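These numbers were taken from a predicted model, which means no experiment stands behind them.
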Amino acid sequence: MPPTRVLIVDDEVLVRSGLGLIVGSAPDLEVVGSCSGGQAEQQTADLAPDVVLLDIRMPDLDGISVLRRLRALPDPPAVAMLTTFDTDEYIGTALRAGAAGFLLKDTAPEQLVHAVRVLATGGSVLSPTVTRTVIGGYVEGGGPDTEATALTRQLTGRELDVLALLGEGLSNAEIADRLYLGTGTVKDHISAILAKLGAANRVQAAVVAHRAGLVRDGDQAGS
């Protein structure tokens, strides 16, 4: 199998270099380029990366604008947003723009490599830390959201179980273990959930889970 092609977009050269060293250390991953936000669209078109790690805050062209441009390409890569903040006011906008995940810049090297592999296979990066601090902070309190609750009424009982655990930030394997299901069955359930909710990825589905009140504060996965 050819290696997964990765493009790193950040305004700081040192950050790009550090991330590149970590990602490039994996034999199945290849860093094909790194650049600032203003160069990201052209670099993506020229280099055809499978995964883009994109800083959410950049001075020349902000990460949200870059994300929208990349998602509009004919064959867009999976894009994970990089942030130094546990909570960031741009998270909600990035979710709606189709970000496939969020990573804190201090993510452990092995977790970063794993995240890139997940993104390359069409998954979304939804680590417990990000679920708890970022998505949990993005979803306002005040009780379940009526629109989200209405969306979840389309789901079967088992799909609701899976969605609740997805909202905790659990992986397919962890959900399967918790519910005594096969990982293939969990994957099928998640595909059905995304279709019924009209969600582009696991991150958006997790937000629905939080808004519908399926994830209680004490239920969210630990770090």
Could you pull out all donor-acceptor pairs under 3.5 Å where a side-chain atom in residues 65-74 meets a protein atom, sequence neighbours excluded?
| from | atom 1 | to | atom 2 | distance (Å) |
| --- | --- | --- | --- | --- |
| S65 | OG | D62 | OD1 | 3.4 |
| S65 | OG | D62 | OD2 | 2.9 |

Does any non-hydrogen side-chain atom of [Y] lie less than 4.5 Å from one of [X]?
X: L163; Y: T152; value: yes
X: V31; Y: I8; value: yes
X: I64; Y: M58; value: no
X: L103; Y: M81; value: no

Donor-acceptor pairs are to be reported for all side-chain atoms of residues 179-186 against protein atoms at under 3.5 Å, with residues two or more places apart or in another chain.
none

For the [atom1] atom of [X] and the [atom2] atom of [Y], what is their distance to the nearest 0.5 Å?
X: L165; Y: R178; atom1: CG; atom2: CZ; answer: 5.5 Å
X: Q39; Y: L61; atom1: CD; atom2: CG; answer: 11.0 Å
X: L166; Y: I190; atom1: CG; atom2: CD1; answer: 5.0 Å
X: F102; Y: L82; atom1: CZ; atom2: CG; answer: 10.5 Å
X: L7; Y: T44; atom1: CG; atom2: OG1; answer: 5.0 Å
X: E12; Y: S36; atom1: CD; atom2: OG; answer: 12.0 Å

Quiz item: Listed by chain and number, what are the side-chain contact (heavy atoms from CB on, under 4.5 Å) partners of E159, not counting sequence neighbours?
Solution: L155, T156, H189, A192, I193, K196
Quiz item: Partners of A120 by side-chain contact (heavy atoms from CB on, under 4.5 Å), sequence neighbours excluded?
Solution: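 Once residues adjacent in sequence are excluded, the partners of A120 under the side-chain contact (heavy atoms from CB on, under 4.5 Å) criterion are T4, V51.
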Specify the closest pair of heavy atoms between [X] and [Y], including all atoms of both residues, with the distance to one decimal.
X: Q43; Y: C35; value: CG-SG, 3.7 Å
X: A148; Y: A212; value: CB-N, 3.8 Å
X: L112; Y: L53; value: CD1-CD1, 4.1 Å
X: A199; Y: A205; value: CB-N, 3.9 Å
X: A164; Y: V215; value: O-CG2, 3.6 Å
X: A209; Y: G167; value: CB-CA, 4.1 Å

Exercise. Mind jotting down which residue pairs meet the side-chain hydrogen bond (donor to acceptor under 3.5 Å, both in side chains) criterion with at least one end in residues 102-118? Sequence neighbours excluded, please.
Key: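 Applying side-chain hydrogen bond (donor to acceptor under 3.5 Å, both in side chains) to every pair that reaches into residues 102-118, excluding sequence neighbours, yields D10-K105, D28-R117, D55-K105.
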Quiz item: Taking only residues two or more places apart in sequence, or in another chain, which ones meet D161 in a salt bridge (charged side-chain N to carboxylate O under 4.0 Å, His left out)?
Solution: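 D161 satisfies salt bridge (charged side-chain N to carboxylate O under 4.0 Å, His left out) with R158 only.
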Practice problem: Tell me, with the steps shown, if V6 and V32 meet side chain to side chain contact (heavy atoms under 4.5 Å, CB included). | Solution: CA-CA 6 Å; V6 182; V32 295; 5.9 Å; no
Quiz item: Do L197 and L170 belong to the same hydrophobic cluster, where Ile, Leu, Val, Met, Phe, Trp and Tyr are linked whenever their side-chain heavy atoms lie under 4.5 Å apart, directly or via other members?
Solution: yes
Practice problem: Could I get the full list of side chain to side chain donor-acceptor pair (under 3.5 Å) partners for D50, not counting sequence neighbours? | Solution: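 Partners of D50 under the side chain to side chain donor-acceptor pair (under 3.5 Å) test: none.
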Self-check item: Under the side chain to side chain donor-acceptor pair (under 3.5 Å) test, residues paired with Q42 that sit two or more places apart
Solution: D46
Quiz prompt | Residue pairs fulfilling salt bridge (Lys or Arg N to Asp or Glu O under 4.0 Å) with at least one residue in residues 146-157, sequence neighbours excluded | solution = none
Quiz item: Applying the side chain to side chain contact (heavy atoms under 4.5 Å, CB included) test to P109, which of L19, L21, I22 qualifies?
Solution: I22
